[in-house]
Engineer: 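Before we start, here is the structure in question, set down as structure tokens.
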Amino acid sequence: MAPGETPSQTVGPYFSMRLGAAGENLLARPGVAGERIRIEGVVYDGDGNHVEDALIEIWQANASGRYRHAADTRDEIPIDERFTGFGRAGTDFATGGYWFESIKPGPMPDPEGEMQAPHISLIVQARGTLDPYFTRIYFSDERHANEHDIVLAMVPEDRRATLVADLVDGSDPRTYRFDIRLQGPGETVFFDF
């Protein structure tokens, strides 16, 4: 599909975001190590309306806690060739929904050497925004690890829940709900990088 002219906005005209292609939201191939999970949610704008054309990218460690990246030089931890560690999805035009199928990431050390809670890094880009939003997804069934996570501890306590995906289905794969609110009441906590 050829890019079309966008409405008059800060980043327009003729800016056309490339949404996720089919299959880019599947991070784990058959035989991957670790617990398979599904993450699903909806992206909302400041008025509470779903965002029909957001692009969401995730990046995460494998089940052993290693990133598939040259900067992760912990050779004693294996790389799983059946796991990409990176995924991309566009929101559904009718619902603003998105989903990923992946695995639960393992714990990994922070720069101080302490272990972080299992988490997924997430980037959101949406129409009318100049810069992407950066955040993290933590898991509601990792309460003990979450309580000791250095990044989560820096977030005001009353806002931490915006970073925690709720377990909504415990069957295989476990399914977590993580809605993203770009503005307004319940706004997701975003980080500066």
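These numbers come from a predicted model, not from an experiment.
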Engineer: Taking only residues two or more places apart in sequence, or in another chain, which ones meet E81 in a salt bridge (Lys or Arg N to Asp or Glu O under 4.0 Å)?
Structural biologist: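 With neighbours one apart ignored, the set is R68.
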Engineer: For a ring pair (Phe, Tyr, Trp, His ring centres under 6.0 Å) with W59, tell me which candidate from F100, F83, Y67 qualifies.
Structural biologist: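 The passing option is Y67.
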Engineer: Quick one: side-chain contact (heavy atoms from CB on, under 4.5 Å) partners of S140, sequence neighbours excluded?
Structural biologist: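 With neighbours one apart ignored, the set is V164, D166, L167.
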Engineer: Which heavy atom of T95 sits nearest a heavy atom of V42, and at what distance?
Structural biologist: O-CG1, 3.6 Å
Engineer: Check the pair L163, I137 against side chain to side chain contact (heavy atoms under 4.5 Å, CB included), reporting the backbone distance first and the verdict last.
Structural biologist: CA-CA 5 Å; L163 300 179; I137 301 172; over 6 Å; no
Engineer: Would you indicate whether the side-chain heavy atoms of F191 and V155 approach each other to under 4.5 Å?
Structural biologist: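 Yes. Closest side-chain heavy atoms under 4.5 Å.
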Engineer: Looking only at heavy atoms, what is the nearest atom pair of D169 and S171, with distance?
Structural biologist: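 Smallest interatomic distance, heavy atoms only, reads OD1-OG, 2.7 Å.
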Engineer: Below 4.5 Å, heavy atoms only, C-beta onward: do V124 and L182 meet side chain to side chain?
Structural biologist: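 Contact flag for V124/L182 side chains = yes.
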Engineer: If you count the non-hydrogen atoms of other residues, nucleotides and ligands that lie under 6.0 Å from CD in E157, is the total more than 12?
Structural biologist: no
Engineer: For residues G65 and D72, report the shortest heavy-atom separation together with the two atoms involved.
Structural biologist: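 Where G65 meets D72 most closely, the heavy atoms are O-OD2, 4.4 Å.
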Engineer: Looking only at side-chain N and O atoms, does Y176 offer a donor or acceptor that is under 3.5 Å from a partner on D141?
Structural biologist: yes
Engineer: Could you work out, with side-chain hydrogen bond (donor to acceptor under 3.5 Å, both in side chains) as the rule, every residue matching D149, not counting sequence neighbours?
Structural biologist: Y138
Engineer: For A61 versus G106, what's the shortest heavy-atom pair and its separation?
Structural biologist: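 Closest approach of A61 to G106: CB-O, 4.4 Å.
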Engineer: Listed by chain and number, what are the salt bridge (Lys or Arg N to Asp or Glu O under 4.0 Å) partners of R36, not counting sequence neighbours?
Structural biologist: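 R36 satisfies salt bridge (Lys or Arg N to Asp or Glu O under 4.0 Å) with no residue once adjacent residues are dropped.
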Engineer: Which residue pairs satisfy the salt bridge (Lys or Arg N to Asp or Glu O under 4.0 Å) criterion with at least one member in residues 112-123, sequence neighbours excluded?
Structural biologist: none
Engineer: Identify, with sequence neighbours excluded, every residue that meets side-chain contact (heavy atoms from CB on, under 4.5 Å) alongside A145.
Structural biologist: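 By the side-chain contact (heavy atoms from CB on, under 4.5 Å) rule, A145 matches A117, P118, E142.
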Engineer: Go through the structure and list residues passing side-chain contact (heavy atoms from CB on, under 4.5 Å) with F134, not counting sequence neighbours.
Structural biologist: I123, P132, F193
Engineer: What pairs meet the salt bridge (Lys or Arg N to Asp or Glu O under 4.0 Å) rule with one or both residues in residues 25-35, with sequence neighbours excluded?
Structural biologist: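 Of all non-adjacent pairs touching residues 25-35, those that pass salt bridge (Lys or Arg N to Asp or Glu O under 4.0 Å) are E35-R174.
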Engineer: Do the side chain of N146 and the main chain of F139 share a donor and acceptor less than 3.5 angstrom apart?
Structural biologist: yes
Engineer: Has R143 got more than 12 heavy atoms of other residues, nucleotides or ligands less than 6.0 Å from its CZ?
Structural biologist: no
Engineer: Got V151 and D110 here, is their nearest side-chain heavy-atom distance under 4.5 Å?
Structural biologist: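 With C-beta onward as the side chain, the pair stays apart.
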Engineer: Could I get the full list of ring pair (Phe, Tyr, Trp, His ring centres under 6.0 Å) partners for Y133, not counting sequence neighbours?
Structural biologist: F190
Engineer: Below 4.5 Å, heavy atoms only, C-beta onward: do L27 and I103 meet side chain to side chain?
Structural biologist: no
Engineer: Could you tell me which residues satisfy salt bridge (Lys or Arg N to Asp or Glu O under 4.0 Å) with R82, sequence neighbours excluded, listed by chain and number?
Structural biologist: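 R82 satisfies salt bridge (Lys or Arg N to Asp or Glu O under 4.0 Å) with D80 once adjacent residues are dropped.
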Engineer: Looking at residues at least two apart in the chain, or sitting in another chain, which of them share a side-chain contact (heavy atoms from CB on, under 4.5 Å) with D45?
Structural biologist: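 For D45, the residues satisfying side-chain contact (heavy atoms from CB on, under 4.5 Å) (neighbours in sequence not counted) are D47, N49, V51.
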Engineer: Has N62 got a side-chain atom pairing as donor or acceptor with V32's backbone, closer than 3.5 angstrom?
Structural biologist: no
Engineer: Kindly indicate whether the side chain of T175, heavy atoms from C-beta on, has any atom under 4.5 Å from the side chain of W99.
Structural biologist: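 In short, these two side chains do not touch, never coming nearer than 4.5 Å.
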Engineer: Please answer: with hydrophobic residues joined when any side-chain heavy atoms are less than 4.5 Å apart, are F178 and I37 in the same cluster?
Structural biologist: yes
Engineer: In Å and rounded to the nearest 0.5 Å, what is the CG to CD1 distance from L122 to I39?
Structural biologist: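 If we round to the nearest 0.5 Å, L122:CG and I39:CD1 are 8.5 Å apart.
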Engineer: Hey, are the side chains of H119 and M108 touching, using non-hydrogen atoms and a 4.5 Å cut-off?
Structural biologist: yes
Engineer: Tell me if a side-chain donor or acceptor on T91 pairs with a main-chain N or O of E52 at a distance below 3.5 Å.
Structural biologist: yes
Engineer: Once you round to the nearest 0.5 Å, how far does OG of S102 lie from CD of Q60?
Structural biologist: 3.5 Å
Engineer: Would a 4.5 Å heavy-atom cut-off, applied to side chains only, mark I56 and V43 as touching?
Structural biologist: yes
Engineer: Out of curiosity, I120 CD1 to E57 CD, how far, rounded to the nearest 0.5 Å?
Structural biologist: 14.0 Å
Engineer: Taking atom types as modelled, find out whether Q116 and R136 have a side-chain donor-acceptor pair closer than 3.5 angstrom.
Structural biologist: yes
Engineer: I need the full list of salt bridge (Lys or Arg N to Asp or Glu O under 4.0 Å) pairs touching residues 178-193, with sequence neighbours left out, sorted by first then second residue.
Structural biologist: R177-D179
Engineer: So how far is it from E40 CD to N25 CG, rounded to the nearest 0.5 Å?
Structural biologist: 11.5 Å
Engineer: If two hydrophobic side chains count as joined below 4.5 Å and joins carry through other members, does V189 share a cluster with I150?
Structural biologist: yes
Engineer: Looking at R66 and D75, does any basic side-chain N land under 4.0 Å from a carboxylate oxygen?
Structural biologist: yes
